[in-house]
Amino acid sequence: MIPVGVVLGTDERWRIVDEERASLADLLESLTPEQWETPTACGDWRVRDVAAHLTLAPRFSYGDLVRDWIRARGDMNRLIHDTAVREARLPTAGIVKNLRAIIGNRRLAPTTTPREPLLDILVHGQDIALALGHRREMPVAAARDAADRVWTMRFPPRPWPLPQARLVATDIEWTRGNGEEVRAPMADLLMLLTGRQDRPARGGM
């Protein structure tokens with residue numbers, strides 16, 4: 001088991017984000033047209049919608065936020081959904097190009113912190129991989145950092161309710177919550193925290 005260690009610093013977070021963006025771009029580049037249309041665990045989003053969403057944050061300005069906020073009638077979830085679906089109309093090569101173009105980019109979407117890009121790429125990278133039946137390893141310390149962000153999220157509002165359980169990671173020192181104990185690898189607990197599954201796919205209770 002990996003000990004608690006030092007909390008990830010900003011530079012380390014960005015390094016992992018860059019690596020995850022690059023490896024996901026490689027995966028996307030290998031997909032068939034049919035695979036791009038595969039449904040994911042993200043509501044009605046297909047692989048192409050999830051991938052398009054991941055390219056938007058560094059390119060999203062305060063002007064964009066105001067315009068799309070009005071379009072979405074003040075509903076942040078609708079804003080996120082609709083901007084991704086619009087961007088997903090691009091040819092798949094364009095989506096991959098846009099993902100590669102933000103590697104090394106440190107620009108944040110309005111109202112977000114450097115922890116959001118890490119959370120986004122880890123969880124949505126899994127959404128894509130799982131939909132396609134691929135195995136995508138998640139850096140354990142990064143998964144813990146993202147899980148801590150979900151656990152403490154106040155703004156932007158957390159869209160997923162926290163599990164009513166005691167979560168215990170089996171591969172790194174991390175425990176949160178109270179109630180029935182759920183033991184699993186950190187990556188699975190992160191997916192549970194973000195509403196992807198009722199119980200971890202690996203590990204156990």
Side-chain angles (χ1 to χ4, degrees), residues 1-31 40-42 45 47 50-60 80 84 95-132 134-153 155-156 158-160 167-176 184-197 200-203:
M1 177 183 291
I2 299 175
V4 174
V6 179
V7 174
L8 292 183
T10 299
D11 288 344
E12 180 67 2
R13 288 188 186 110
W14 281 119
R15 183 190 66 77
I16 297 169
V17 168
D18 287 342
E19 290 179 351
E20 293 292 309
R21 285 172 173 171
S23 66
L24 184 60
D26 289 343
L27 171 60
L28 292 171
E29 216 161 36
S30 72
L31 301 185
T40 73
C42 281
W45 280 2
V47 165
V50 179
H53 166 72
L54 288 171
T55 71
L56 287 172
R59 301 154 52 206
F60 210 66
I80 293 169
I95 296 173
V96 174
K97 180 180 178 180
N98 285 341
L99 183 58
R100 290 198 187 281
I102 61 173
I103 296 171
N105 190 316
R106 301 293 179 261
R107 191 169 180 276
L108 295 168
T111 77
T112 64
T113 75
R115 301 185 80 176
E116 269 69 45
L118 180 61
L119 170 60
D120 233 21
I121 191 68
L122 291 180
V123 172
H124 286 312
Q126 288 294 318
D127 287 332
I128 290 171
L130 291 171
L132 297 171
H134 287 261
R135 182 175 178 82
R136 183 172 172 81
E137 294 296 333
M138 190 184 296
V140 179
R144 180 182 61 190
D145 189 85
D148 279 336
R149 176 58 181 149
V150 175
W151 196 268
T152 60
M153 190 178 286
F155 190 84
R158 180 178 51 243
W160 322 280
L167 307 181
V168 181
T170 57
D171 51 357
I172 194 168
E173 291 185 25
W174 189 88
T175 302
R176 295 289 186 278
M186 193 70 248
D188 289 342
L189 294 181
L190 175 59
M191 299 303 283
L192 174 62
L193 281 168
T194 52
R196 267 51 183 190
Q197 51 201 41
R202 302 188 300 276

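This one's a predicted model, so the numbers in the text were calculated from it and none came from an experiment. Side chains included, hydrogens not; waters and symmetry mates left out as well; all remaining heavy atoms used.
- Nearest heavy-atom pair, A84 versus A52, reported as atom, atom and distance to 0.1 Å: O-CB, 3.8 Å.
- By the salt bridge (Lys or Arg N to Asp or Glu O under 4.0 Å) test, R13 pairs with D145, sequence neighbours left out.
- Nearest heavy-atom pair, V96 versus A25, reported as atom, atom and distance to 0.1 Å: CG1-O, 4.0 Å.
- Here CG of N98 is found 8.0 Å from CD1 of I102. Values are rounded to the nearest 0.5 Å.
- Using modelled atom types, one side-chain atom of Q126 and one backbone atom of R136 make a donor-acceptor pair closer than 3.5 Å.
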- Start with the C-alpha distance between I95 and L54, add both sets of side-chain angles, then the distance that settles side-chain contact (heavy atoms from CB on, under 4.5 Å), and finish with yes or no. CA-CA 9 Å; I95 296 173; L54 288 171; over 6 Å; no
- Query: After noting the C-alpha distance and the side-chain angles of I103 and E19, does the key distance pass the side-chain contact (heavy atoms from CB on, under 4.5 Å) rule?
  - Reply: CA-CA 8 Å; I103 296 171; E19 290 179 351; over 6 Å; no
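- Across L189 and A184, no two heavy atoms sit closer than the pair CD1-O, 3.8 Å.
- In this structure, P185 and T170 approach most closely via the heavy-atom pair N-OG1, 3.2 Å.
- With a 4.5 Å cut-off on side-chain heavy atoms, D148 and R176 count as touching.
- Rounding to the nearest 0.5 angstrom, the gap separating the CZ atom in R149 from the CG atom in D120 is 11.5 Å.
- Atom CG of L24 is separated from atom CD of E29 by 11.0 Å, given to the nearest 0.5 angstrom.
- Residues V150 and V123 form no side-chain contact, since every pair of their non-hydrogen atoms from C-beta on lies 4.5 Å or further apart.
- Checked by atom type and distance alone, the side chain of T40 never pairs as donor or acceptor with a backbone atom of I128 at under 3.5 Å.
- E116 contributes a side-chain N or O that, together with a main-chain N or O of T113, makes up a donor-acceptor pair within less than 3.5 Å.
- Atom OG1 of T10 and atom CD of E12 lie 10.5 Å apart (nearest 0.5 Å).
- In this structure, R196 contributes its side chain and T194 its backbone to a donor-acceptor pair below 3.5 Å.
- Take R106 and apply the salt bridge (Lys or Arg N to Asp or Glu O under 4.0 Å) test, not counting sequence neighbours, and it matches D18.
- Ring pair W45/H124 is tilted by interplanar angle, where 30° to 60° counts as tilted.
- Shown here for L122 and P139, the closest heavy-atom pair between the two residues is CD2-CD, 4.0 Å.
- Across every non-hydrogen atom of A51 and T55, the tightest pair is O-CG2, 3.4 Å.
- Atom CG of N105 and atom CZ of R21 lie 6.5 Å apart (nearest 0.5 Å).
- In this structure, CD on E20 lies 7.5 Å from CE on M138, to the nearest 0.5 angstrom.
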